S.K.: 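Please see the structure below; I have some questions.
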Amino acid sequence: MKSASVSDAKNGFSALLDEVRRGETVLITHRGRPVARIESCRTSDGGAGESEAELVRRGIASPPRARLDLDRFLAAPVPSLPEGVSASRLIVAEREGER
């Protein structure tokens with residue numbers, strides 16, 4: 001959980017809200033004592049993003065460190081396997097603890 005003083009929160013409120021949108025909870029302190037907590041609201045319809053935020057709140061996942069550069073991602077070379085190697089068998093072997 002991120003912590004921010006009242007003055008830091010006031011001066012950087014937009015940035016704090018961006019972090020909350022990504023699932024982070026922010027604790028607001030006044031003279032070192034907690035006074036408020038900002039966290040994302042749950043939507044009643046279970047909309048997109050709610051489950052991701054819950055995973056972040058529970059510590060199972062972490063919010064992204066940066067926005068995805070889609071052009072760079074799509075331009076990256078696609079990994080390939082050697083001839084005769086099965087990706088699904090590699091995955092099964094890894095899950096079973098084999099290498």
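Since this is a predicted model, take the numbers as computed values, not measurements. Position 1 is the first residue of the sequence; numbering continues from there.
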S.K.: To check you understand the geometry: which heavy-atom pair defines the closest contact between L27 and P34, and what is its length?
M.R.: CD1-CB, 3.8 Å
S.K.: Nearest 0.5 angstrom please: L74 CG to D69 CG, how far?
M.R.: 9.0 Å
S.K.: Test: salt bridge (Lys or Arg N to Asp or Glu O under 4.0 Å). Region: residues 16-36. Which pairs qualify, not counting sequence neighbours?
M.R.: K2-E19, D18-R21
S.K.: OG/S5 to CD1/I28 distance, rounded to the nearest 0.5 angstrom?
M.R.: 8.0 Å
S.K.: Under the side-chain hydrogen bond (donor to acceptor under 3.5 Å, both in side chains) test, which residues partner S86, sequence neighbours left out?
M.R.: S88
S.K.: Which heavy atom of P63 sits nearest to which heavy atom of V56, and what is that distance?
M.R.: CD-CG1, 3.8 Å
S.K.: Mind checking the CG-OG spacing from L55 to S62? Nearest 0.5 Å is all I need.
M.R.: 10.5 Å
S.K.: Identify the heavy atoms of S3 and T29 that sit nearest to each other, and give their distance.
M.R.: OG-CG2, 3.7 Å
S.K.: Run F13 and I38 through side chain to side chain contact (heavy atoms under 4.5 Å, CB included) and show every step you take.
M.R.: CA-CA 11 Å; F13 192 66; I38 304 173; 4.1 Å; yes
S.K.: For M1 and T25, which heavy atoms make the closest approach, and how far apart are they?
M.R.: CG-O, 3.2 Å
